[in-house]
2 protein chains.
Amino acid sequence: MKKKKTTIKDIANVLNISAAAVSKALHNDSRISEKTKENVRQVAKKLQYQPNHLASALRSGKSNLVGVIVPRTNSNFFSSVIQNIEEVLNKKGYSIIITQSNESYDKECKSIDTLLYTQVDGIIASMANETIDLSSYEKIKSKGIPLILFDRGENDLNVDYIGIDDYNSSHVIVEHLVKNGCQRIAHIGGYKRTRIYNNRIRGYVDALKKYKLPLDAELLTEGDLTIEDGRIKMRQLLSLKTRPDAVYVAGDYAALGALQVLKEHKILVPEEISLVGFGNEPFTDMVTPKITSVNQHSAEIGKQAANTFLKYIENDTIEQRLNKIILTAELIVRDSSNKKTSL
Amino acid sequence: MKKKKTTIKDIANVLNISAAAVSKALHNDSRISEKTKENVRQVAKKLQYQPNHLASALRSGKSNLVGVIVPRTNSNFFSSVIQNIEEVLNKKGYSIIITQSNESYDKECKSIDTLLYTQVDGIIASMANETIDLSSYEKIKSKGIPLILFDRGENDLNVDYIGIDDYNSSHVIVEHLVKNGCQRIAHIGGYKRTRIYNNRIRGYVDALKKYKLPLDAELLTEGDLTIEDGRIKMRQLLSLKTRPDAVYVAGDYAALGALQVLKEHKILVPEEISLVGFGNEPFTDMVTPKITSVNQHSAEIGKQAANTFLKYIENDTIEQRLNKIILTAELIVRDSSNKKTSL
DNA sequence: TACATTTGTTTAAACGTTTAAGCAAATATA
DNA sequence: TATATTTGCTTAAACGTTTAAACAAATGTA
């Protein structure tokens, strides 16, 4: 037995006024008398009236919903970004719909379809690792709703992007390792096709050149940066005839896997091999030794992304162009790379 | 310049048929000829037609959207539950909307309002720590849409619940500690007002009685189980005149905080003090020593929650009653409590 | 007093679908 | 051949809002 939901008409009937008057009263229209407004509010409360979003969004062409697409939510980075997006948007009357791509291109396409289908007013997204074909994202643009990318972006889409300076971060990391006496620095990288990982790789390569360090092909790997990937790549590095004395891993999870392998092999970190991760996930501060990592300013990224969306809504502009907001990342030096203070 | 979105009418105009025919063709109605269907599909693709969810949901009274409310997404437990809910529901044509309460009662109420406003077909939720007043949840019930609770539930709502046997889990933990020779077992618990934490506390107390162990008020504490809470409570325990020889923490994050303090005090784990957490968060397996914990079967909980929702939809039943699915939790013994194999 | 403006409301159309009911043409059944 | 059934579509109403337009009554202005 379905319970009947209260509509604007029910309120109108009780008060013997038109549905339009009720609608206006609820929206505090200046042409409705204070008395009627008060009556409407009272009856609405008594009947437990809940506006029907479907109807109002359909009529007004605005859903007040913003879609957020992330590769996954169970990383501190993404969940912090989401939390900040939500905080900013809620204040302006928007709610967010979170979807996870699970790093899968197919799932991402489905998420986009679901969001468009739900008639969101905008989409804020970080792309899946797998994603190369951008047609799905082009579809968003072709619908004329604002698209804002963060962290994992793509220049070719010509939309707003908020992220950190990956290229430069690699420089900072390499510089830090060099200052700590490292000479043979390996890089466990992400897939080059993902822009941010490509930038970290380029930064690594160029920084090595700058410090006149050996650029050895066997010291540079690509992968999906899961814990398991980190373990595999670390084992590979350990099996080299000349081992590296430092490993810069492009993601914290993989860095953790690498650390596990190092510990299993009873290799002292940082004395024998220094380790640096990326992302500043909370666990980098929990393990022994604590892992040096890069703070990606998740909160700031979330806020900027939300504000960028709002900018489009407020200005009613729809023309989007490549517009990058690049934040400087911050190296958090911890035990795993700090030879002076460790032990 | 807003781009015009393609509607069913645009397709109808191109083919010189009625909008109704197009709608039926798209739904593969048996009364529409194969030829027309094919035409419709082609034109739809050419015009990049995307159905308008608002309109169809409004008309049909079904949004095919399910709301999921969790305290936070950045824990492995919740994100795994979500992932499994999504997997099951997607197959049946439902999408999910994830909202976080951030453990705040206010935020939870707002989330519920947003979801009801969005006209979701059902809500799957785990309650915030703060939540005592259930009126917000009663509102969901009063709208006649299925409500399914998991992990953090509440009997008084008389709805379906999926969770683990917290009371019994405490027994299993205490038993394990006793077998490892512990005599003075402390419990860093969650707030008693939250049912699951209350059950863990009751289980702890009853298990102590069963094994004729001292039930000392100073060994039992309540808190929000954050890392910081774990640190504070552990320091308190260490300052007692007779320290415990084992600490059972009702959450992994607090267990981690406790471990940090133990290490800072150079106390050997498990030799001097054994430690057990709850939740089997991935980091329990990453830190040194690895923390013994309880696997909460997140995947199974997610699947069961989704299937419970589907049951209501398929049977078109709306009458809900208290119906608990209780899974047996699994103790994962690791170094932090295993005196025999550690070192 | 006559006209203009403001106030408070109603009417009706619209948003993009779905769907019950209707109907003509084609096909089957007797 | 007459009637029943099936096929393939159309018409029109409905879902719950919002909003432009209209309008009567009240108030202001000359």
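Chain letters run A, B, ... following the sequence lines, proteins first and then strands; every chain starts at 1.
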Would you list the protein and nucleotides 5-8 of chain C atom pairs, both N or O, that sit under 3.5 Å from each other?
from: C:dG8; atom 1: N7; to: A:Arg31; atom 2: NE; distance (Å): 3.0
from: C:dG8; atom 1: N7; to: A:Arg31; atom 2: NH2; distance (Å): 3.4
from: C:dG8; atom 1: O6; to: A:Arg31; atom 2: NH2; distance (Å): 2.6

Discussion item. For residues 41-60 of chain A, which residue pairs pass the salt bridge (Lys or Arg N to Asp or Glu O under 4.0 Å) check, not counting sequence neighbours?
Written reply: A:Glu34-A:Arg41, A:Glu38-A:Arg41
Worksheet item: So which pairs with a foot in residues 64-79 of chain A pass salt bridge (Lys or Arg N to Asp or Glu O under 4.0 Å), sequence neighbours left out?
Response: A:Arg72-A:Glu103
Item to complete: Tell me, please, which residues at least two apart from B:Lys303 pass salt bridge (charged side-chain N to carboxylate O under 4.0 Å, His left out).
Response: none
Fill in: Sequence neighbours excluded, every pair satisfying salt bridge (Lys or Arg N to Asp or Glu O under 4.0 Å) that has a member inside residues 13-28 of chain B
none
Worksheet item: What's the shortest heavy-atom distance between A:Val68 and A:Leu115, and which atoms?
Response: N-CD1, 4.4 Å
Contacts table for residues 84-94 of chain A: side-chain donor-acceptor under 3.5 angstrom, sequence neighbours left out:
from: A:Asn84; atom 1: ND2; to: A:Ser80; atom 2: O; distance (Å): 2.8
from: A:Glu86; atom 1: OE2; to: B:Lys107; atom 2: NZ; distance (Å): 3.0
from: A:Tyr94; atom 1: OH; to: A:Lys62; atom 2: NZ; distance (Å): 2.8

Item to complete: Enumerate the residues from residues 13-24 of chain A whose closest heavy atom to DNA chain D is under 4.0 Å, giving them by residue number; use none for an empty result.
Response: A:Ala20, A:Ser23, A:Lys24
Worksheet item: For A:Val120 and A:Ile145, what are the C-alpha separation, side-chain angles and deciding distance, and is it a side-chain contact (heavy atoms from CB on, under 4.5 Å)?
Response: CA-CA 8 Å; A:Val120 293; A:Ile145 67 173; 4.0 Å; yes
Practice prompt. Can you pull out how bent the helix from C:dT1-D:dA30 to C:dA30-D:dT1 is, comparing the axes over its first five and last five pairs, to 10°?
Written response: 40°
Response to the item:
DNA chain D: first to last nucleotide in contact with chain B (atom under 4.0 angstrom from a heavy atom), 5' to 3', is D:dT7 to D:dG16
N/O donor to acceptor pairs below 3.5 angstrom from side-chain atoms of residues 10-19 of chain B, sequence neighbours left out:
from: B:Asp10; atom 1: OD2; to: B:Thr7; atom 2: N; distance (Å): 2.8
from: B:Asn13; atom 1: ND2; to: B:Lys9; atom 2: O; distance (Å): 3.4
from: B:Ser18; atom 1: OG; to: B:Ala21; atom 2: N; distance (Å): 3.1

Worksheet item: Of all heavy-atom pairs between B:Lys143 and B:Leu116, which one has the smallest distance, and what is that distance?
Response: CG-CD2, 4.2 Å
Worksheet item: Across the strands shown, which category fits A:His27 at heavy-atom distances under 4.0 angstrom: base, sugar-phosphate, nothing?
Response: sugar-phosphate
Worksheet, complete the sentence: For residues 120-133 of chain A, the side chain to side chain donor-acceptor pair (under 3.5 Å) pairs (sequence neighbours left out) are A:Ser63-A:Asp121, A:Tyr105-A:Asp133, A:Glu108-A:Thr131, A:Asn129-A:Thr194, A:Asp133-A:Ser135
Fill in: Nearest atoms (heavy-atom pairs only) where A:Leu157 meets A:Leu134
CG-CD1, 4.0 Å
Practice prompt. Could you list the residues that satisfy salt bridge (charged side-chain N to carboxylate O under 4.0 Å, His left out) with B:Asp113, not counting sequence neighbours?
Written response: B:Lys139
